[in-house]
Amino acid sequence: MSYSLDEQSTLLSIALDSINSGLRHGKPAHPNSADYSTSLAAQRACFVTLKHDETLRGCIGTLEARSSLVESIADNAYAAAFSDPRFPALDATEVEDLVIEVSVLSPLEPVPVTSEQELLDKMRPGEAGWLLQENGYRGTFLPSVWESLGEPAEFLRHLKMKAGLAPDYWSDTLQIWRYTTDSFAAAASAIAALGRGAPNAG
């Protein structure tokens, strides 16, 4: 899973277009997947992360592929800007200073383990994102979270808490998956200056 610089630019432009559509029209952009290359029209799961002044400003995504990548980018960028419950809706004055990051996910890989220590032994800092699920509780961290939670034990404690579980929780029925991402980012001002150009159908 890898995207060319042109494809990265296209996806980042779609994200910015959708945010601007939200500001102007109150709804996300709706790119037509038929207008894009096969790799961008493929069904893929993704996250869109927004940062302002190097601080998280929104992050929304899907863990399983539900639509084409270009459609997912548009929907998640809009949701990150206007529907992340942790933040107020984005204001137009913030857009110029935004940094937009797109993370395209690999398929989820189940990780069977029999103990917490076995799980910790399989966690390699920076290598993968992780998903936990137990009795309706669910939480995930993208690989980029390793930058602030660099030790497996610390990473796992915070991941459990994000899932709504106690930091020392363990159960033999806990479901665990890992995944990798192809991530790229740019400042909104730079994305706007480059522009997307005509879609590359194929």
Side-chain angles (χ1 to χ4, degrees), residues 1-52 56-84 90 92 94-110 126-131 140-147 177-202:
M1 178 179 59
S2 182
Y3 296 93
S4 69
L5 291 177
D6 282 347
E7 289 173 325
Q8 292 179 23
S9 178
T10 295
L11 293 174
L12 289 166
S13 292
I14 289 171
L16 179 58
D17 287 349
S18 199
I19 292 169
N20 285 329
S21 176
L23 289 168
R24 294 168 185 156
H25 310 296
K27 59 184 180 180
H30 293 288
N32 183 352
S33 59
D35 292 335
Y36 294 86
S37 65
T38 302
S39 61
L40 300 189
Q43 287 200 347
R44 298 302 298 266
C46 69
F47 275 73
V48 175
T49 302
L50 308 179
K51 292 185 178 180
H52 189 268
L56 182 67
R57 185 61 179 82
C59 181
I60 297 289
T62 55
L63 290 161
E64 295 91 13
R66 300 172 183 167
S67 59
S68 71
L69 179 55
V70 292
E71 292 172 306
S72 294
I73 294 291
D75 290 343
N76 291 336
Y78 174 86
F82 305 106
S83 301
D84 189 325
L90 191 76
E94 299 178 89
V95 175
E96 185 176 356
D97 296 322
L98 275 184
V99 171
I100 301 173
E101 180 176 12
V102 166
S103 298
V104 185
L105 277 60
S106 69
L108 299 176
E109 176 192 354
E127 183 179 83
W130 289 83
L131 167 65
T140 190
F141 277 153
L142 294 171
S144 58
V145 175
W146 286 105
E147 296 172 9
W177 297 265
R178 65 184 162 199
Y179 56 88
T180 58
T181 63
D182 186 0
S183 298
F184 39 91
S189 56
I191 298 168
L194 287 173
R196 183 177 63 202
N200 178 22

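- Under the ring pair (Phe, Tyr, Trp, His ring centres under 6.0 Å) criterion, W177 pairs with no residue, sequence neighbours left out.
- Here the side chains of N32 and V70 are not in contact, with every heavy-atom distance at 4.5 Å or above.
- Evaluation of the side-chain hydrogen bond (donor to acceptor under 3.5 Å, both in side chains) rule for Q43 yields no partner, not counting sequence neighbours.
- Looking at L50 and V48, their side chains come closer than 4.5 Å, going by heavy atoms from C-beta outward.
- Applying the salt bridge (Lys or Arg N to Asp or Glu O under 4.0 Å) definition to pairs two or more places apart or across chains, none involves residues 66-78.
- Here the CG atom belonging to L98 is positioned 8.5 Å from the CG atom belonging to L16, to the nearest 0.5 angstrom.
- Contacts of N20 classified as side-chain hydrogen bond (donor to acceptor under 3.5 Å, both in side chains), with partners at least two apart in sequence or in another chain: none.
- Applying the side chain to side chain contact (heavy atoms under 4.5 Å, CB included) rule to T140 yields the partners F47, L63, L131, Y179; only residues at least two apart in sequence or on another chain are considered.
- The side chain to side chain contact (heavy atoms under 4.5 Å, CB included) check on D97 picks up H52, with sequence neighbours excluded.
- In this structure, the side chains of Y36 and T10 come closer than 4.5 Å at one or more pairs of heavy atoms.
- By the salt bridge (charged side-chain N to carboxylate O under 4.0 Å, His left out) test, E127 pairs with no residue at all, sequence neighbours left out.
- A search for side chain to side chain contact (heavy atoms under 4.5 Å, CB included) contacts involving A185 returns V99, E101, not counting sequence neighbours.
- Evaluation of the side-chain hydrogen bond (donor to acceptor under 3.5 Å, both in side chains) rule for S39 yields E7, S37 as partners, not counting sequence neighbours.
- A side-chain contact (heavy atoms from CB on, under 4.5 Å) with I73 is found for one member of I100, L40, I14, D17 and no other, namely I14.
- Taking CG of L69 as the reference point, atom OH of Y3 lies at 5.0 Å (rounded to 0.5 Å).
- The closest donor-acceptor contact from the side chain of Y78 to the backbone of A15 lies at 3.5 Å or more, if one exists at all.
- Residues satisfying the side chain to side chain contact (heavy atoms under 4.5 Å, CB included) criterion with E109, sequence neighbours excluded, are R178.
- Shown here are the side-chain hydrogen bond (donor to acceptor under 3.5 Å, both in side chains) partners of S72, two or more places apart in sequence or in another chain: S67.
- Here the side chain of S18 pairs a donor or acceptor atom with the backbone of A29 at under 3.5 angstrom.
- Scanning for ring pair (Phe, Tyr, Trp, His ring centres under 6.0 Å) contacts around F184 gives an empty result, with sequence neighbours left out.
- Between I191 atom CD1 and L11 atom CG the span is 10.5 Å, to the nearest 0.5 Å.
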